[in-house]
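Structure record follows, encoded as structure tokens.
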Protein chains: 2
Amino acid sequence: MVTIYDIAEKANVSAMTVSRVINNSGRISEKTRAKVRKVMEEMNYVPNQTARSLVLQQTKLLFLLITDITNPFYTTLARGAEDAAKKQGYRLLFGNSDESLEKEADYVTTILTTRVDGVLLAPAGDPSLPHLELLRRHDVPFVLLDREVPGIDCDIVLGDSKEGARQLVSHLAEAGHERIAMVNGSSSISSARLRLQGYKEGLKLSELPFREDHIFETSFGSLNDLSEMEAWLAGLNPPPTAILTGNNVLAVEVMRLLHGQGLRVPEDMSIVCFDDLGPYADVEPFLTVAAQQAYQFGYMGMSMLIERIQDKETAQPWKKIVLPAELLVRRSVKPLRSGE
Amino acid sequence: MVTIYDIAEKANVSAMTVSRVINNSGRISEKTRAKVRKVMEEMNYVPNQTARSLVLQQTKLLFLLITDITNPFYTTLARGAEDAAKKQGYRLLFGNSDESLEKEADYVTTILTTRVDGVLLAPAGDPSLPHLELLRRHDVPFVLLDREVPGIDCDIVLGDSKEGARQLVSHLAEAGHERIAMVNGSSSISSARLRLQGYKEGLKLSELPFREDHIFETSFGSLNDLSEMEAWLAGLNPPPTAILTGNNVLAVEVMRLLHGQGLRVPEDMSIVCFDDLGPYADVEPFLTVAAQQAYQFGYMGMSMLIERIQDKETAQPWKKIVLPAELLVRRSVKPLRSGE
DNA sequence: TTGTAAGCGTTATCAC
DNA sequence: GTGATAACGCTTACAA
């Protein structure tokens with residue numbers, strides 16, 4: 001490995017002079033600078049960021065922890081985060097917790113030992129609290145994404161889950177649906193709770209009754225086994241005419257189940273969901289969704305994080321950004337009567 | 001920041017003893033070990049990986065560079081790479097070159113300065129050669145994914161592009177299609193060239209003429225502007241009855257174009273493509289594709305990389321893995337006559 | 001304008 | 001079993 005000392009020797013200067021050339025710091029004669037530059041070129045010198053980080057106590061490395069890398073919501077979000085980080089000269093490390101607290105714990109360890117300068121993360125749920133407290137105790141700045149965690153105050157970017165869910169329900173009700181079920185993520189996740197609330201509010205506004213057995217709670221990640229959901233759906237009599245799912249992944253899972261039973265969407269069952277399916281949804285977009293501004297989640301969250309890192313001493317108040325969801329009406333809802 | 005010296009002082013031992021406890025190296029009395037462990041707990045000690053990397057000359061960090069983070073082929077591949085890395089105790093850094101040579105160059109710099117232990121990458125194309133030579137010159141082990149780069153010998157995981165494309169064409173021909181166009185990625189990318197070859201072979205096998213103007217070459221990434229493609233398609237007289245695209249992203253772009261013109265798939269135009277659309281394709285899978293084993297690309301590539309890193313001194317011959325593509329017949333092809 | 005010395009937090013080496 | 005010391009590659013502070 002070529003070090004500044006190798007360069008220094010060959011250029012007949014001290015290592016310090018080489019360091020100054022690299023960092024454009026201090027006053028250096030043009031002649032020396034040119035000479036050092038030339039030797040660096042010749043020797044293919046590349047600065048050792050590890051050594052630099054050790055002395056500077058900062059890595060210029062940020063971390064983005066998402067809960068599902070195959071979910072287009074999160075990959076789009078990642079693009080936003082990446083762009084914002086790059087713009088400010090930070091590099092981005094990346095992790096995927098897979099909605100698992102254990103994997104999240106692993107990544108938090110990684111984050112701590114790698115001494116990244118800051119973390120942008122979608123927590124697995126309320127039980128993530130100790131992980132966040134650990135980060136806080138070690139003075140690692142972080143910004144939460146998409147999900148609140150009771151018990152910790154911090155910067156956060158959220159979607160308007162309640163209002164989005166309410167809109168979806170109202171849309172269904174206006175199309176004449178009266179038996180609307182909901183397949184949701186874990187109630188230990190704030191966004192799932194809010195979407196449930198929005199669902200209930202939507203029912204109330206349309207003067208539809210809320211039925212406890214119309215709620216099926218599972219994981220926001222993709223499901224290995226659909227049998228429980230199948231049993232739940234089969235047990236509903238009369239069956240719902242529409243299903244609202246708590247996110248895009250669950251919409252796909254529900255459709256997978258329905259198709260396995262030979263049922264068609266929207267002819268036999270209407271489906272709406274939170275989050276869009278991304279650009280690679282087949283053909284023209286089909287699902288009616290409450291689309292979130294995924295890219296903005298990442299971009300704004302990253303910007304907040306970097307701001308927080310750079311103003312680390314001046315204690316700014318915690319910021320909370322709430323991004324609205326947009327109802328995109330497409331073809332997955334069957335009109336049971338003409339809209340009002 | 002708590003260091004081993006802080007621990008040492010409080011536990012009345014030397015820093016070296018603390019280091020031994022952390023690494024489970026050397027012989028230590030159970031009593032000392034317990035005492036040190038206790039103090040570490042109390043002080044919330046977390047080892048500084050930066051310092052460790054500096055002395056150990058390895059980071060246990062690997063890098064995965066893909067060309068399109070929003071492409072389900074690559075996110076699935078990333079999952080495979082992640083799983084394999086984790087299994088072997090490596091952490092994974094992640095980058096997205098966006099099919100851009102410039103961004104790729106940036107990431108190569110990042111890779112060099114961060115001193116990651118190895119790199120798994122899908123190169124932007126043949127002009128990536130200098131980037132690979134730079135990695136080689138700096139002794140950074142790497143494994144190529146999905147695309148060969150003429151001029152460099154290295155480990156690589158490829159799909160059987162030629163055979164996959166041939167199958168897709170044969171499938172179309174068997175359905176009675178005679179005018180089959182192709183929208184492909186840049187010819188500076190090996191997989192695009194091979195898919196074109198497969199296309200030609202497929203035509204020949206079915207005794208269909210090859211027409212130069214049936215080929216439209218663009219980028220494998222998503223397109224901002226469809227007007228060129230539109231002009232090309234409009235210029236074909238008689239128009240093709242089917243289009244083969246070089247990857248999934250281009251299939252989506254072609255469908256976007258067709259829908260913009262009020263044309264339907266497969267009624268007005270049949271579409272087939274390379275790579276599947278991932279789990280979040282709308283409803284039931286619609287596109288007929290040559291699906292690649294995306295997860296295996298990542299998993300096997302990562303395994304090869306780690307093997308290469310661990311046997312760095314013993315010069316193993318370069319390995320090349322070719323994964324077959326599987327034809328998945330769905331609903332995007334209109335039968336013009338009954339199959340043979 | 002340039003150089004010297006110390007230190008960032010850790011581990012390898014060699015003593016005891 | 002345990003400890004002192006040097007080293008990893010770099011930058012900050014101070015000196016010349």
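Residue numbers begin at 1 in each chain, while the letters A, B, ... track the order of the sequences. Below, all heavy atoms of this structure are taken into account, side chains as well, without hydrogens, waters or symmetry copies.
- In this view, Thr109(A) and Thr113(A) satisfy the side-chain contact (heavy atoms from CB on, under 4.5 Å) rule, not counting sequence neighbours.
- Computed from coordinates, the Leu54(B) CG to dC8(D) C1' distance equals 4 Å when rounded to whole Å.
- In this structure, the side-chain contact (heavy atoms from CB on, under 4.5 Å) partners of Tyr107(B), at least two apart in sequence or on a different chain, are Glu82(A), Phe63(B), Leu65(B).
- Sorted by first and then second residue, the pairs that involve residues 105-114 of chain B and meet salt bridge (Lys or Arg N to Asp or Glu O under 4.0 Å), not counting sequence neighbours, are Lys86(A)-Asp106(B).
- For the helix from dT1(C)-dA16(D) to dC16(C)-dG1(D), the axis fitted to the five pairs at one end and the axis fitted to the five pairs at the other end meet at an angle of 40° (nearest 10 degrees).
- Across residues 105-113 of chain B, not one residue has a non-hydrogen atom less than 4.0 Å from an atom of DNA chain C.
- For the ring pair (Phe, Tyr, Trp, His ring centres under 6.0 Å) condition, no pair includes a residue of residues 131-159 of chain A, sequence neighbours left out.
- Taking 4.0 angstrom as the limit, Thr32(B) places a side-chain polar atom (N or O) nearer than this to OP1 or OP2 of dT2(D).
- Between Ser53(B) and dC8(D), a side-chain N or O to OP1/OP2 separation shorter than 4.0 Å is absent.
- Counting only residues at least two apart or on different chains, the salt bridge (Lys or Arg N to Asp or Glu O under 4.0 Å) pairs with a member in residues 294-308 of chain A are Asp155(A)-Arg308(A), Glu307(A)-Lys319(A).
- Annotation for Ile4(A) and Ile22(A): closest pair CG2-CD1, 3.7 Å, computed over non-hydrogen atoms.
- Atom CG in Asn12(A) sits roughly 16 Å away from atom C1' in dT1(C) (whole-Å rounding).
- Scored by the side chain to side chain donor-acceptor pair (under 3.5 Å) test, Ser97(B) finds no partners at all (sequence neighbours excluded).
- The side-chain contact (heavy atoms from CB on, under 4.5 Å) test applied to Leu129(A) returns Glu133(A), Val149(A), Ile152(A), not counting sequence neighbours.
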Can you give me the N/O atom pairs linking the protein to nucleotides 10-14 of chain D at distances under 3.5 Å, or say none if there are none?
unit_1  : atom_1 : unit_2   : atom_2 : d
dC10(D) : OP1    : Tyr45(A) : OH     : 2.3
dC10(D) : OP1    : Asn48(A) : N      : 3.2
dC10(D) : OP2    : Ile4(A)  : N      : 2.7
dT11(D) : OP1    : Asn23(A) : OD1    : 3.3
dT11(D) : OP1    : Asn23(A) : ND2    : 3.0
dT11(D) : OP1    : Arg52(A) : NE     : 2.9
dT11(D) : OP2    : Ser19(A) : OG     : 2.6
dT11(D) : OP2    : Asn23(A) : ND2    : 3.4

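- Lys60(B) places its NZ atom 16 Å from the C1' atom of dT11(C), with the value rounded to the nearest Å.
- Residues Asn24(A) and Arg33(A) have side chains in contact (heavy-atom distance under 4.5 Å, counting atoms from C-beta outward).
- Note on Thr17(B): a side-chain N or O is less than 4.0 Å away from OP1 or OP2 of dG3(D).
- Distance NZ (Lys35(B)) to P (dG1(D)): 15 Å, rounded to an integer number of Å.
- Under the salt bridge (Lys or Arg N to Asp or Glu O under 4.0 Å) criterion, Lys38(A) pairs with Glu42(A), not counting sequence neighbours.
- Counting only residues at least two apart or on different chains, the salt bridge (Lys or Arg N to Asp or Glu O under 4.0 Å) pairs with a member in residues 111-131 of chain A are Asp126(A)-Arg193(A).
- Straight-line distance from the CE atom of Met1(B) to the P atom of dT10(C): 8 Å, rounded to whole Å.
- For dG9(C), the OP1/OP2 oxygens have a side-chain nitrogen or oxygen of Gln57(A) closer than 4.0 Å.
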